[in-house]
Amino acid sequence: MRVGIIGAGLSGSIFYNLMSSNGFNIDIYDPSLARGCKSVNFIFSDKKDFLIVKKVLKIANLDIKDYIVNEIKKVNVDGDDYSISKKVFVLNKLKLIEDLTPRTTIINREFNPVLKRFMTKVIDSGAVVKEFTTDAETKFYDLIVDASGCAKVLQMSNESQKHKNDIRTCQFLISCNDKDGVDKFFIDEIKIQKGKPMIGYTWVNPIGDNLYHVGCAYYKNDYELWNYLAKYSKNFFGGKCNRVCSCTSKINGNLISESFIGGVYEKRCLVGIGESIGLTSPVGQGNVYAVYSAYILSKLLKKYDVDEAIIKYKNHIIKNFSELDTYKKSVKNFNILGISKFLKTLYNVPTTKFMKILIKSKF
Ligand SMILES: Cc1cc2nc3c(=O)[nH]c(=O)nc-3n(C[C@H](O)[C@H](O)[C@H](O)COP(=O)(O)OP(=O)(O)OC[C@H]3O[C@@H](n4cnc5c(N)ncnc54)[C@H](O)[C@@H]3O)c2cc1C
């Protein structure tokens, strides 16, 4: 079976690794040089989550311990410290992704199989003809896997509909020797926008070696986010630190139930894994879901025919991740109790504290 994977981020790299050792003929596409650097935290909602990721990496002959650069035990929310009840690890995601699927195995370009391109060509008679063509006409795959994250290449709706729930992010990598002892995760400036499924906030995340991942996610434009974060980090670090690098991005806020998870399109099997199908929580976590969904799809494809595997995969995703949709709907509807309960399960901060923050957070 010939498989084409769109994207070699976390989910695409896991999927490629798990499938390529099993006799599948796979091409994986990605034009990005810094795959996976925008996010570093892996939050495990329970021990089972941690064991699954550990197991998946073991199947890929990797040891999760080799990628853990920090364990976070405390969170500071709006000025107060709390002990986190879950396991929160900072993993070296760049190294993990490279070890799963080395850059040299990747076709270094975008792949947009359902994007129609307008072409002109000269036919035998010498006439110039105009036509629409797609990548899929030039290369045939039995299965195309969308692992394109927030680009959501295989989601069919028009671009503005497709991205209307995405929250924009801006992130800096800061190097600072003067902040010894900052070993907790900071969450600040929580903001909810009615009708939108994602929670806006600012974070400071210690990732070891005097480095900090500082970022913010809001429904604002990149320019506003950048200026805001520059001021925020200057204030936080006292202006004595260096910005090593910076970038902007987006996180998919779509509901899973409204996403195209898999099916047949123009006689070709298509399926999505990871963030492309809405596997994100309202605070933008998607790493564990990316690993898990890639693993489940690979397992089903090894056992069943492709169309049967896709149906089983769709059912599995809808059944096992419906909670993410419920949480996003709470945020959309500004259901303060629902949101506070979700945040409490993550960070062990009392529901009443979050309720107070949320009441003043709406904008
Ligand atoms: C700033 C930020 C912070 C985050 N923090 C956290 C966190 O702390 N914890 C957490 O769990 N999650 C976090 N996330 C979310 C997490 O990064 C993603 O959910 C996760 O990486 C999803 O994996 P993925 O493989 O689905 O997509 P990605 O890892 O985004 O990979 C998608 C890949 O597809 C490629 N691509 C896109 N379009 C095409 C195309 N047409 N052709 C070929 N390739 C293409 C891209 O270049 C990219 O490499 C964060 C996200 C952001 C933006």
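Whatever order the structure lists ligands and atoms in, that order sets their numbers, starting from 1.
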Self-check item: Over 12 non-hydrogen atoms of neighbours within 6.0 angstrom of NZ in Lys234
Solution: no
Quiz item: Hey, which atoms in ligand 1 end up nearer than 4.0 Å to a heavy atom of Gln171?
Solution: 1 (C)
Quiz prompt | Selection from Ile167, Val288, Asn287, Asn112 by shortest heavy-atom distance to atom 16 (C) of ligand 1 | solution = Asn287
Quiz item: Hey, which of Asn287, Leu91, Val288, Ile14 is the one that makes side chain to side chain contact (heavy atoms under 4.5 Å, CB included) with Val53?
Solution: Val288
Quiz item: Just which atoms of ligand 1 are under 4.0 Å from any heavy atom in Tyr29?
Solution: 43 (C), 44 (N)
Quiz prompt | Heavy-atom closest contact (Gly200 atom, Tyr218 atom, distance) | solution = C-CE2, 3.5 Å
Self-check item: Option with minimal heavy-atom separation from atom 32 (C) of ligand 1, where the choices are Gly7, Ala147, Cys247, Cys150
Solution: Ala147
Exercise. Anything under 30° is parallel, anything over 60° is perpendicular, the rest tilted; go ahead and classify Tyr347 against Phe354.
Key: tilted
Exercise. Examine Ile251 against ligand 1 and note whether any of their N/O atoms are separated by less than 3.5 Å.
Key: no
Exercise. Would you check whether Gln285 has a nitrogen or oxygen atom less than 3.5 angstrom from a nitrogen or oxygen atom of ligand 1?
Key: no
Quiz item: Do you see a donor-acceptor pair shorter than 3.5 Å between the side chains of Asp188 and Tyr232?
Solution: yes
Quiz item: Of the backbone atoms (N, CA, C, O) and the side-chain heavy atoms from C-beta on, which set of Glu275 has a member under 4.0 Å from an atom of ligand 1: side chain, backbone, both, or neither?
Solution: both
Practice problem: Report yes if Ile6 has an N/O atom closer than 3.5 Å to an N/O atom of ligand 1; otherwise report no. | Solution: no
Quiz item: Tyr295 and Lys55: side-chain donor and acceptor closer than 3.5 Å?
Solution: yes
Quiz item: Just heavy atoms, cut-off under 4.0 Å: does Lys152 contact ligand 1 by side chain, backbone, both, or neither?
Solution: neither
Quiz item: With atoms numbered from 1 as shown, which atoms in ligand 1 lie under 4.0 angstrom from a non-hydrogen atom of Ser249?
Solution: 53 (C)
Quiz item: Within less than 4.0 angstrom of ligand 1, does Gly215 place any heavy atom?
Solution: no
Practice problem: May I ask you to check whether Pro31 has an N/O atom sitting below 3.5 Å from an N/O atom of ligand 1? | Solution: no
Exercise. Can you figure out which of Ile97, Ile28, Asp30, Ile277 has its heavy atom closest to atom 48 (C) of ligand 1?
Key: Asp30
Exercise. List in chain and number order the residues that pass side-chain contact (heavy atoms from CB on, under 4.5 Å) with Glu71, two or more places apart in sequence or in another chain; answer none if no residue qualifies.
Key: Lys73, Lys87, Phe89
Self-check item: For Gly9, the ligand 1 atoms whose distance to one of its heavy atoms is below 4.0 Å
Solution: 25 (O), 29 (O), 31 (O), 33 (C), 49 (O)
Quiz prompt | Closest candidate by heavy atom, reference atom 24 (P) of ligand 1, pool Gly274, Ser11, Ala34 | solution = Ser11
Quiz prompt | Element-labelled atoms of ligand 1 that are located less than 4.0 Å from some non-hydrogen atom of Gly284 | solution = 12 (N), 13 (C), 14 (N), 15 (C), 50 (C)
Practice problem: Fit a plane to each ring of His316 and Tyr292, take the angle between them on a 0 to 90° scale, and name the class: parallel (under 30°), tilted (30 to 60°) or perpendicular (over 60°). | Solution: tilted
Exercise. Count the heavy atoms belonging to other residues, nucleotides or ligands that lie under 6.0 Å from CG of Asn221, then report whether that count exceeds 12.
Key: yes
Practice problem: Please work out whether the ring planes of Trp203 and His213 are parallel, tilted or perpendicular, with thresholds of 30° and 60°. | Solution: parallel
Quiz item: Considering only heavy atoms of Ala151, which atoms of ligand 1 have at least one such atom less than 4.0 Å away?
Solution: 37 (C), 38 (N)
Exercise. Heavy-atom contacts with Phe111 under 4.0 Å: which atoms of ligand 1 show up? List them by number with element.
Key: 40 (C), 41 (N), 42 (N), 43 (C)
Quiz item: How far apart are the closest heavy atoms of Asn254 and Lys162, and which atoms are they?
Solution: ND2-O, 3.2 Å
Exercise. Select one of side chain, backbone, both or neither to describe which atoms of Ala290 lie under 4.0 Å from any atom of ligand 1, heavy atoms only.
Key: side chain
Quiz item: Applying a strict 4.0 Å limit to heavy atoms, is Ala294 in contact with ligand 1?
Solution: no
Practice problem: Please say whether more than 12 non-hydrogen atoms of neighbouring residues, nucleotides or ligands are located less than 6.0 Å from NZ in Lys353. | Solution: yes
Exercise. Find the distance between CD1 (Ile357) and CD (Glu189) and round it off to the nearest 0.5 Å.
Key: 10.5 Å
Quiz item: Quick one: which ligand 1 atoms are inside 4.0 Å of a heavy atom on Ser32?
Solution: 47 (O)
